[in-house]
Amino acid sequence: MKKIYRNFFYKILILIAVLTVSSCKKFVELGAPPTQVLFEDSFKTDAAAQSVVMGLYSFSSQANNGLITSLTFYSGVSSDELQYNASVVLTQEFANNSISNNNGTANAIWGTTYQLVKNANNAISGLSASTTLTPSVKNQLLGEAKFMRAFAYFHLVNLYGDIPLPLKDDYSAFENATLPRTSTTEVYPQIIKDLTEAQNLLPTAYAGTFRGRVNKYAATALLARVYLYQKDYANAEAQATQVIGSAVYTLPAPEAAFVNTSNEIIWQIGNISGLSVPGAAYVTLPAVIPNYTLADVTYQSFESTTDLRRTNWTVTKTIGGKTYYGINKYKIGTGTGNEYNVALRFAEQYLIRAEARAQQNNLSGAKTDIDMVRSRAGLGGVSATLDQGQMLTAIEQERKVEFFGEWGHRWFDLKRNGRANAVIGALKPTWKPTSVLFPIPQAQILINTNLTQNPGYQN
């Protein structure tokens, strides 16, 4: 029965992968799928194994309550970053920081992300056990699977705090389903382990076109972020330096940063139409109010009206006498285009290194890095007389105006710096200190009695 169950999973995953990769091939070449795959042979041939791993990418790009949607929109409205203009009650709960523990959207975020973990675990197990794959192919695919598991766990731990940490495949399905929560202090070392192993397994060159599959530098970029969040500043600086020193990436003009051929992109998630998930939500006809716009407080925080991010990445719309600040990083909202879902980009590496250097009191080095990002925005450098606290404040501000509307950066920054209560609490009367974490879905707690609820969501 175990074999039947596991083979059924692979059969479905391969079918999804083949259909997705085939339909996406016009835009992102992720590698040729096999013409026919028997599910019991999922990891016997290079082509079959490729299809399984491609399924991880297709899953992570789901538009409905997938990682892109949940982190960009729901995290955005939970902070001081995005303004929600529609009337869906489930989303309004995120905007009010009053999420019910049976909120269907919150439940879907949990389920979607853990499904990615499950699929990655199965892929890692199958790839590790295979003895028939071409070694270079096996290494690449195993590195991609480990990256995807780390990517999922990084976001889970930042959304929920302590979380279950299943690392086994479907042979241990019952055991996985009854795991208690694991402390963040244990989850982060596993994330670092996966990313370090991915670094060693992945090549520096991209497979296919448009940087739609992760390479060594994508693993390094995410690892730099993880070390920063863990306050391991020396390692954060070292990892960011590897990416910066690679000479692979540059900082193009803001208006070109999110085009799928941009040299700023470290990793982007492909799609069928060339239309990004954020673009579809942010970009509307002139008389149509987007569901999500930039919060007034964020728009007003640009230090200069000539900041090229303000002029190129935002658009002012007045509808019914009310002004809205649309987000225009992605330029295309409907139809087809040349934009994917940018997950990792080069500017972040400069700001990671700037913060890591400032925390180590290397203020001149921090200034050099923050000024690189400011220069691309058409701004002068920060003052050379800033002390450590002032430099860190300047870097936080730079991150705010650089990453708005992307993957929950602002939400995570406020939480990791211990500033969520002061910043969000001053803006939202419904804010509570316990709002820094999303609720564990009550449905999951009923199924797995070893799970406990986050404070503030017991009722």
Side-chain angles (χ1 to χ4, degrees), residues 67-85 91 94-95 97 155 158 225 251-258 262 264-265 268 276-284 289-317 323-331 333 339 341-352 354-355 370 373-374 376-379 393-417 419-420 423-424 426-428:
L67 283 173
I68 299 169
T69 301
S70 59
L71 291 168
T72 297
F73 304 142
Y74 305 128
S75 296
V77 298
S78 295
S79 70
D80 63 340
E81 178 183 35
L82 298 185
Q83 175 177 300
Y84 182 58
N85 302 310
T91 306
F94 286 88
N97 304 109
H155 291 105
N158 278 283
R225 185 195 298 177
L251 293 177
E255 61 267 27
F258 293 86
S262 167
E264 180 173 358
I265 293 168
Q268 59 188 342
S276 71
V277 172
Y282 295 150
V283 182
T284 61
I289 303 169
N291 285 345
Y292 303 93
T293 52
L294 195 60
D296 291 5
V297 66
T298 300
Y299 182 81
Q300 301 300 339
S301 72
F302 284 98
E303 69 181 71
S304 171
T305 58
T306 62
D307 187 322
L308 295 178
R309 293 167 296 196
R310 187 178 188 266
T311 57
N312 284 280
W313 290 351
T314 70
V315 57
T316 302
K317 306 175 77 170
T323 299
Y324 298 90
Y325 302 108
I327 299 173
N328 199 39
K329 289 181 169 179
Y330 295 96
K331 311 299 183 186
E339 297 172 343
N341 302 290
V342 178
L344 294 171
R345 59 188 182 91
F346 193 40
E348 183 189 3
Q349 298 304 299
Y350 279 112
L351 293 179
I352 285 174
E355 185 174 340
I370 191 175
V373 177
R374 289 173 60 85
R376 192 262 291 269
L379 302 176
T393 298
I395 293 166
E396 181 184 300
Q397 167 63 18
E398 210 63 38
R399 290 179 64 90
K400 180 180 181 180
V401 295
E402 178 70 29
F403 300 125
F404 64 84
E406 296 181 57
W407 292 91
H409 280 283
R410 176 64 173 170
W411 176 236
F412 290 170
D413 283 349
L414 289 174
K415 294 197 299 177
R416 69 184 176 86
N417 290 329
R419 291 189 7 89
V423 174
I424 306 175
L427 297 172
K428 301 184 183 182

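We're numbering straight along the sequence, starting at 1.
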Legend entry - Nearest non-hydrogen partners of Leu414 and Ser79, listed with the distance: CD1-CB, 4.4 Å
Legend entry - Validation row: Thr316, Tyr325 side chains within 4.5 angstrom (heavy atoms): yes
Inset, instruction - Might you work through the side-chain contact (heavy atoms from CB on, under 4.5 Å) test for Phe94 and Tyr84, ending with a clear yes or no? - result: CA-CA 9 Å; Phe94 286 88; Tyr84 182 58; over 6 Å; no
Legend entry - Nearest atoms (heavy-atom pairs only) where His409 meets Arg399: ND1-NH2, 3.7 Å
Legend entry - Smallest separation among heavy atoms of Tyr330 and Val283, with atom names: O-CG2, 3.1 Å
Legend entry - Ala257 versus Ile265, closest heavy-atom pair with distance: O-CG1, 4.1 Å
Legend entry - Plane angle bin for Tyr282 and Tyr292 - parallel if under 30°, tilted between 30 and 60°, otherwise perpendicular: perpendicular
Legend entry - Electrostatic pair Glu339:Lys331 at N-O distance under 4.0 angstrom: no
Inset, instruction - Please assess Arg310 against Leu294 for the test side-chain contact (heavy atoms from CB on, under 4.5 Å), listing each intermediate value before the final yes or no. - result: CA-CA 11 Å; Arg310 187 178 188 266; Leu294 195 60; over 6 Å; no
Legend entry - Heavy-atom donor-acceptor pair, Lys400 side chain to Asp413 backbone, under 3.5 Å: no
Legend entry - Arg410 and Glu396 ion-paired at < 4.0 Å: yes
Legend entry - Intermediate values then yes/no, side-chain contact (heavy atoms from CB on, under 4.5 Å), Leu344 and Arg225: CA-CA 10 Å; Leu344 294 171; Arg225 185 195 298 177; 3.4 Å; yes
Legend entry - Residue pair Gln268, Phe258: steps toward the side-chain contact (heavy atoms from CB on, under 4.5 Å) verdict: CA-CA 9 Å; Gln268 59 188 342; Phe258 293 86; over 6 Å; no
Inset, instruction - Examine distances only and state if a side-chain atom of Asn291 and a backbone atom of Ala281 form a donor-acceptor pair shorter than 3.5 Å. - result: no
Inset, instruction - Using a 4.5 Å cut-off on heavy atoms from C-beta on, say whether the side chain of Leu82 contacts that of Thr293. - result: no
Inset, instruction - For residues Phe346 and Arg376, determine if any side-chain heavy atom of one lies less than 4.5 Å from a side-chain heavy atom of the other. - result: no
Legend entry - Main-chain N/O of Ser75 paired to Glu81 side chain as donor or acceptor, under 3.5 Å: no
Inset, instruction - Starting at CD of Gln300, measure out to CZ of Phe302 and round the result to the nearest 0.5 Å. - result: 10.0 Å
Inset, instruction - Drop me the distance from Arg309's CZ to Leu379's CG, to the nearest 0.5 angstrom. - result: 6.0 Å
Inset, instruction - With rounding to the nearest 0.5 Å, note down the distance linking CD1 in Ile352 to CD1 in Ile395. - result: 11.5 Å
Inset, instruction - Mind checking the CG-CD spacing from Leu351 to Glu402? Nearest 0.5 Å is all I need. - result: 6.5 Å
Inset, instruction - Could you tell me whether the side chain of Phe404 reaches within less than 4.5 Å of the side chain of Lys329, counting heavy atoms only? - result: yes
Legend entry - Under 3.5 Å side-chain donor-acceptor pair for Thr284 and Lys317: yes
Inset, instruction - Determine whether Ser301 and Gln397 make a side-chain contact, defined as any pair of heavy atoms from C-beta on separated by less than 4.5 Å. - result: yes
Legend entry - Residue pair Ala347 / Phe403: nearest heavy atoms and the distance that separates them: C-CZ, 4.3 Å
Inset, instruction - Kindly compute the distance separating OG1 (Thr91) from CG (Asn85), expressed to the nearest 0.5 Å. - result: 12.0 Å
Inset, instruction - Give a yes or no answer on whether the side chain of Thr72 reaches the backbone of Ile68 with a donor-acceptor pair at less than 3.5 Å. - result: yes
Inset, instruction - List the atom of Lys428, the atom of Ser78, and the distance in Å for their closest heavy-atom pair. - result: NZ-O, 3.3 Å
Inset, instruction - Compute the centroid of each ring, for Trp411 and then for Tyr74, and state whether the two points are separated by less than 6.0 Å. - result: no
